[in-house]
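Chain A is the first sequence line, chain B the second, and so forth, proteins listed ahead of strands; every chain is numbered from 1.
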2 protein chains.
Amino acid sequence: MDRIDRKLLNLLQRDASGTNLDMAEAVGLSPSSCLRRVRRLRKTGIIDRIVAILNPARTGRVLKAIVTVELKLHGEQHMRRFLDLVTGEEAVSQAYAVTGETDVVLILHLRDMEEFDALCDRLFRDRTNVARFFTMMVIRTAKDETAIPL
Amino acid sequence: MDRIDRKLLNLLQRDASGTNLDMAEAVGLSPSSCLRRVRRLRKTGIIDRIVAILNPARTGRVLKAIVTVELKLHGEQHMRRFLDLVTGEEAVSQAYAVTGETDVVLILHLRDMEEFDALCDRLFRDRTNVARFFTMMVIRTAKDETAIPL
DNA sequence: GTGCAGTATGCAATAAAATTGCATGGAGAT
DNA sequence: ATCTCCATGCAATTTTATTGCATACTGCAC
């Protein structure tokens, strides 16, 4: 993990659509060396995957919401059951068990309020374990970064 | 935007490292047609970008935190100033202005608590506009998905 | 300093993939 | 039915990825 690896990772985190030739030139290596480094970074798991990031608004998911959830029962099995439940929902893009006043934080990508309503029914009102939940609708996304600084 | 485009987008959201030939076969098109579709999806902005997703733990950012922030002054210029401030911080991966009890929600990727401490100093205690903030440390990440369902 | 082992590098040949022009075929409009 | 527009597949061409191999480098023991 030297300077060149970091440079490669930074490039790939911003744009992984270029050719290996371009990248080799960008970091000052031959194409073969560059390729071998990238392969190593992938094999060792530092690079988890290479994916397309879609524009959420262009996919019809125009609403984002952040929801904090307080559970009634806090045992490990109850927590896991609830997390399994939310994880199965496609509108839930992130789900975290957290410290603090609440137990779980969700980030939702929604088509409309109707979808939110239906989701709340499934997650929070059914026979589940939810004491309270607070919804924060996202007004403005100031930053939404997939890259992790090195 | 037909069935094949959706199939392509789903594939690319999971793994954009394969060759165009593979994808063409996966969706049942010739390589040239497949390539033209993917280019169109990129050009029209449905595909925002193609990036490498790193394993956060492997990069040394082993802690995640979610922070809710209440501002003292809620005017547009104050909100914008605060959002500009947090956006400039590399540990802040997501920043949202939201409805509800709080004004801003941040998601942080941290190396250690020392970094968190320093960040709090810069964002919340300086001459800024913060009334209160609540920190939720992430205990477990149940879901962290870049793909948006179509 | 010297020698060694393990690793990274560049080069060049080869294999694979991307890209393009072009002719064909299909869907919808008139 | 005919026309237009756009997507498709094919095949030729260009570009890129991949591999073997010889060399250079790095860290380390002596």
- Query: CD of A/E25 versus C1' of C/dT9: gap in Å, rounded?
  - Reply: 18 Å
- Got a sec: does the CD of B/E114 have more than 12 other heavy atoms crowding it under 6.0 Å? no
- Note on the structure: Protein-proximity profile, nucleotides 5-19 of chain D, B/S/- by nucleotide at the 4.0 Å heavy-atom cutoff, equals --SBBB-----SSSB
- Query: Whole-Å distance between C/dA18 P and B/I50 CD1?
  - Reply: 12 Å
- Going by heavy atoms in the side chains, are A/T102 and A/F133 under 4.5 Å from each other? no
- I would like to know whether A/V105 and A/V67 meet side-chain contact (heavy atoms from CB on, under 4.5 Å); could you show each step before the answer? CA-CA 6 Å; A/V105 177; A/V67 182; over 6 Å; no
- Message: Just checking A/E25: does its CD atom have more than 12 heavy atoms from other residues, nucleotides or ligands closer to it than 6.0 angstrom?
- Response: no
- Message: Taking CZ in A/R81 as the centre, count heavy atoms belonging to other residues, nucleotides or ligands within less than 6.0 Å. Is the count above 12?
- Response: no
